[in-house]
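Every value quoted in this text rests on a predicted model; they were computed, and no experiment measured them.
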Number of protein chains: 2
Amino acid sequence: MRYALYYWPSIQGRGEFVRLALEDAGAAYDDAARTKAGMDRMMAMMKGEAEKRPPFAPPFLKAGKLVIAQAANILFYLGPRLKLAPRDEASRLWLHQLQLTVTDFVKEIHDTHHPISTGLYYEDQKPQAKQYAQSFLKERAPKYLGYFEKVIAKSGGPYVLGRKATYVDLSLFQLIEGLRYAFPNAMQRIERKLPGVVAVHDRVAKRPGIKAYLASTRRIAFNEGGIFRRYPELDD
Amino acid sequence: MRYALYYWPSIQGRGEFVRLALEDAGAAYDDAARTKAGMDRMMAMMKGEAEKRPPFAPPFLKAGKLVIAQAANILFYLGPRLKLAPRDEASRLWLHQLQLTVTDFVKEIHDTHHPISTGLYYEDQKPQAKQYAQSFLKERAPKYLGYFEKVIAKSGGPYVLGRKATYVDLSLFQLIEGLRYAFPNAMQRIERKLPGVVAVHDRVAKRPGIKAYLASTRRIAFNEGGIFRRYPELDD
């Protein structure tokens, strides 16, 4: 099966959580919206010009006749197919539950720079962003990351499910990478209590598929159009 | 199978989307955290005192040995079992994708009164809430609800999947009920373009299980501790 991933072409964004799984597994896929024609196709699919079941927003994955949207839903589908999740229902639901907690966290990370409206620029909501980021870095980020730390400890480690890496571990890698980019000072402080999560990050970085991907031009650099943005005034 | 639902006892909140499915189907379940002992059990499960896979937050469902968290994940699991979703993979993924869009919408609804921090009272973030609510009511609510309107039209109606009601339709009912409670003026305006969504709401309200539930004391009234809050200053 050759997959087509549709996502905004200039940012990592929510598409990156899917991309990491495809790259880790060495799956055959097209990053379809990185061409003008692909971008037009993506917009047409969202409008529902030909789709009976149009997605609300990218990322979405075309897998044969299926079009699947929502990053966590795509990973739920891909997990066992890419050998990044077991096949039994209990483990699949548990991993998905963890991934949905990642989704919630990602939304709060996004809101550190856009607390009032996605229709406004960051520059138009800077004081509110500073307020949001303060409580995010003090309470929310330690709470979410501390939860994953607990999950890893309870699994016996080194990964969230135990001995085998899953797509959730790839997402934890991305969270740490992105948070270090956006909040280098705060993360120095926060990471002290996260030996298990940081170890997952380091292990994932060394996986052959991920290592090759990170060194390639397919990996878009972090930038101030994405979810993780470096605005020094929001950091500790 | 007798289920146990764990959720904060004084609000509808995110637990309500699960409760509506259980009630519609006439499932055997305990609303487990409505007693002091149940509430203590809920807190212990989150702490992971005995759980190997502790949930991050309520709602969660105990189904035999499984503990499943995240409302959309619970509904994914319950859907076919309660005959509120088909069994084929394509339809299940599609319904789940829609439910995850409901989840995203619910978070934005919550943020109309808590745009800066869940650790602060509404009274401590009122001007920011007014700003958030304005763009929410002008742009985001019409966008989300307009999307579901399109989905219903494309299915042929009357429900999101066509002729048979699903758990997503129950969630649309709850969204309309809650938004009417929170923003009665804005909803008069917004609903004009949503004949299909409003028709789903009206049909769901008449389903025997839902009708009996709404008339019972099991249905907690909307209140200013929940997701949908009536603060007239935030309305149109």
Under 3.5 Å, is there a donor-acceptor pair between the side chain of [X] and the main chain of [Y]?
{"X": "B:E224", "Y": "B:R229", "answer": "no"}
{"X": "A:N185", "Y": "A:D235", "answer": "no"}
{"X": "A:H113", "Y": "A:A133", "answer": "no"}
{"X": "B:Q125", "Y": "B:S117", "answer": "yes"}

Fill in: Option from B:Y6, B:Y7, B:Y3 for which ring pair (Phe, Tyr, Trp, His ring centres under 6.0 Å) with B:F60 holds
B:Y6
Worksheet item: Taking every heavy-atom pair that is under 4.5 Å apart, which of B:P54, B:G119, B:P55 has the most such pairs with chain A?
Response: B:P54
Worksheet entry | Option in B:K150, B:Q134, B:E89, B:Q70 with maximal non-hydrogen atom pairs under 4.5 Å from chain A | B:Q70
Nearest heavy-atom neighbours spanning [X] and [Y]:
{"X": "A:Y122", "Y": "A:H114", "answer": "N-NE2, 3.9 Å"}
{"X": "A:Q174", "Y": "A:Q12", "answer": "NE2-OE1, 2.6 Å"}
{"X": "B:P80", "Y": "B:P86", "answer": "CG-O, 3.9 Å"}
{"X": "A:A21", "Y": "A:L84", "answer": "O-CD1, 3.6 Å"}
{"X": "B:I190", "Y": "B:L137", "answer": "CD1-O, 3.7 Å"}

In terms of heavy-atom pairs under 4.5 Å with chain B, which of [options] leads?
{"options": "A:E51, A:E139, A:R81", "result": "A:R81"}
{"options": "A:Q128, A:R53, A:K154", "result": "A:R53"}
{"options": "A:Y144, A:Y147, A:Y77, A:Y132", "result": "A:Y147"}
{"options": "A:A129, A:A69, A:A90", "result": "A:A69"}
{"options": "A:I74, A:I68, A:V67, A:I116", "result": "A:I116"}

Under 4.5 Å from any heavy atom of chain A - which part of [X]:
{"X": "B:V160", "answer": "neither"}
{"X": "B:Q131", "answer": "both"}
{"X": "B:S91", "answer": "both"}
{"X": "B:L93", "answer": "both"}
{"X": "B:P127", "answer": "neither"}
{"X": "B:K65", "answer": "neither"}
{"X": "B:K130", "answer": "neither"}

Practice prompt. Tell me, with the steps shown, if A:I176 and A:M187 meet side chain to side chain contact (heavy atoms under 4.5 Å, CB included).
Written response: CA-CA 8 Å; A:I176 293 297; A:M187 282 302 281; 3.8 Å; yes
Practice prompt. Against chain B, label A:F76 side chain, backbone, both or neither, depending on which of its atoms sit under 4.5 Å from a heavy atom there.
Written response: side chain
Fill in: Interface moiety of A:K47 toward chain B, non-hydrogen atoms closer than 4.5 Å
backbone
Worksheet item: Does anything in residues 94-110 of chain A get under 4.5 Å of chain B by heavy atoms, and if so which residues?
Response: A:W94, A:H96, A:Q97, A:L100, A:T101, A:D104, A:K107, A:E108
Discussion item. Assess the residue pair A:Y167 and A:L78 against the criterion (side chain to side chain contact (heavy atoms under 4.5 Å, CB included)); give the C-alpha distance rounded to whole Å, side-chain angles, the decisive distance to 0.1 Å, and a yes or no.
Written reply: CA-CA 9 Å; A:Y167 63 80; A:L78 286 177; over 6 Å; no
Fill in: Ionic contact status for B:E16 with B:R19, cut-off 4.0 Å
yes
Discussion item. Working to the nearest 0.5 angstrom, can you tell me the gap between B:L66 CG and B:L61 CG?
Written reply: 9.0 Å
